[in-house]
Amino acid sequence: MRVATAKYVTDLDAAKRDGYKIITPMMHNMGFHYLNPNITDFDVTKPPILVYTRRGGQYMLGALEWVFPTKPKKAPLKGAKYGSFPAACHYDDGTFVTASSESDCAPKNDAGSPFFFWHPTLVTLHVWLWYANPDGLYASMNPFVSPFNKG
């Protein structure tokens with residue numbers, strides 16, 4: 001995981017060039033989520049979501065994330081712990097709103113940003129590989145993130 005994602009640690013532009021696109025704004029105790037919609041299978045060297053933190057205007061990769069429609073019968077990583085994310089409509093500007101179906105998604109959000117994609121409720125697996133987390137490697141949230149993501 002480290003070798004495969006090292007190029008993204010301090011280079012958000014590299015992640016964007018490789019197909020990652022913002023899907024959430026700064027989320028309290030998590031960070032900014034960037035999704036590569038072309039990655040659909042579980043592969044430790046290709047996380048579909050990169051979670052960035054920001055400090056002093058600089059972005060730094062904090063966590064890798066995988067999502068599943070249901071909790072895997074066998075943990076893909078030893079000791080893995082799971083979280084969840086509600087069904088939601090995502091927009092090009094990185095904002096999202098919860099919605100039970102894609103038909104509930106507006107073509108544009110209140111800011112005028114176009115609809116990007118919808119997903120059902122998901123099981124999440126975070127790996128805080130690049131940013132220390134006192135709650136553990138697989139925790140969904142990281143209390144160290146929020147205070148340092150103001151600018």
Side-chain angles (χ1 to χ4, degrees), residues 1 4-5 7-44 46-72 76-77 80-131 133 135-151:
M1 278 187 245
T5 60
K7 64 184 175 181
Y8 303 130
V9 172
T10 59
D11 194 348
L12 177 56
D13 287 335
K16 289 177 180 179
R17 283 190 304 274
D18 285 350
Y20 288 90
K21 180 178 173 155
I22 192 162
I23 58 167
T24 67
M26 172 55 197
M27 294 183 68
H28 183 72
N29 290 346
M30 272 192 183
F32 304 86
H33 289 63
Y34 286 79
L35 167 76
N36 185 330
N38 298 318
I39 300 173
T40 57
D41 295 324
F42 183 84
D43 179 338
V44 296
K46 294 178 183 171
I49 299 172
L50 302 176
V51 182
Y52 280 85
T53 62
R54 183 175 68 196
R55 185 172 187 178
Q58 298 284 63
Y59 286 87
M60 183 182 151
L61 182 57
L64 314 177
E65 183 178 355
W66 288 265
V67 294
F68 309 92
T70 59
K71 184 177 176 183
L77 299 170
K81 295 180 183 164
Y82 302 97
S84 65
F85 195 85
C89 308
H90 291 263
Y91 293 86
D92 273 347
D93 63 1
T95 60
F96 68 92
V97 294
T98 58
S100 58
S101 72
E102 186 170 344
S103 64
D104 295 332
C105 301
K108 293 184 178 185
N109 66 12
D110 292 341
S113 185
F115 173 72
F116 176 40
F117 75 101
W118 173 86
H119 61 75
T121 298
L122 297 170
V123 174
T124 61
L125 169 60
H126 287 83
V127 180
W128 289 93
L129 190 65
W130 293 103
Y131 202 94
N133 188 342
D135 291 341
L137 183 66
Y138 298 120
S140 291
M141 305 287 188
N142 186 335
F144 286 168
V145 170
S146 187
F148 301 108
N149 282 276
K150 304 282 190 254

Measuring only between side-chain heavy atoms, which start at C-beta, is [X] closer than 4.5 Å to [Y]?
| X | Y | answer |
| --- | --- | --- |
| Phe115 | Pro107 | no |
| Cys105 | Tyr91 | yes |
| Asn142 | Asp135 | no |

Over 60° means perpendicular and under 30° means parallel, so tell me whether His126 and Trp128 are parallel, tilted or perpendicular.
parallel

What is the ring orientation for Tyr52 with Tyr34, classed by angle as parallel under 30°, tilted 30 to 60°, or perpendicular over 60°?
perpendicular

With sequence neighbours left out, the residues meeting ring pair (Phe, Tyr, Trp, His ring centres under 6.0 Å) with Phe42 are Trp66

Tell me, please, which residues at least two apart from Tyr59 pass ring pair (Phe, Tyr, Trp, His ring centres under 6.0 Å).
Phe32

Do Val44 and Leu77 pass the side chain to side chain contact (heavy atoms under 4.5 Å, CB included) test, and can you show the C-alpha distance, the side-chain angles, and the key distance before you say yes or no?
CA-CA 9 Å; Val44 296; Leu77 299 170; 3.6 Å; yes

Please report the interatomic distance [atom1]([X]) to [atom2]([Y]), rounded to the nearest 0.5 Å.
| X | Y | atom1 | atom2 | value |
| --- | --- | --- | --- | --- |
| Leu61 | Leu129 | CG | CG | 7.5 Å |
| His119 | Ile23 | NE2 | CD1 | 6.5 Å |
| Thr24 | Ile49 | OG1 | CD1 | 8.5 Å |
| Asn133 | Tyr138 | CG | OH | 12.5 Å |
| Asn36 | Lys16 | CG | NZ | 14.0 Å |
| His33 | Phe96 | NE2 | CZ | 9.0 Å |

So, Lys21 and Asp92, do they make that salt bridge, N to O below 4.0 Å?
yes

Ring centres under 6.0 Å, that's the criterion: do His90 and Phe116 meet it?
no

Please assess Val67 against Phe85 for the test side chain to side chain contact (heavy atoms under 4.5 Å, CB included), listing each intermediate value before the final yes or no.
CA-CA 9 Å; Val67 294; Phe85 195 85; over 6 Å; no

If you look at every heavy atom in [X] and [Y], which pair is closest and at what distance?
| X | Y | answer |
| --- | --- | --- |
| Ala99 | Asp104 | CB-CB, 3.9 Å |
| Pro47 | Leu50 | CG-CD2, 3.7 Å |
| Thr98 | Pro86 | CG2-CG, 3.7 Å |
| Thr124 | Ser84 | OG1-N, 3.4 Å |
| Lys46 | Ile39 | O-CG2, 3.2 Å |
| Pro114 | Lys108 | CA-CG, 4.1 Å |

Side-chain (Thr53) to main-chain (Gly31) donor-acceptor, under 3.5 angstrom:
no

Does the Ser113 side chain pair with the main chain of Asp93, one donor and one acceptor, at a distance under 3.5 Å?
yes

Would you give me the side-chain donor-acceptor pairs under 3.5 Å for residues 8-15, sequence neighbours excluded?
unit_1, atom_1, unit_2, atom_2, d
Tyr8, OH, Asp18, OD2, 2.5
Asp11, OD1, Asp13, N, 3.3
Asp11, OD1, Ala14, N, 3.0

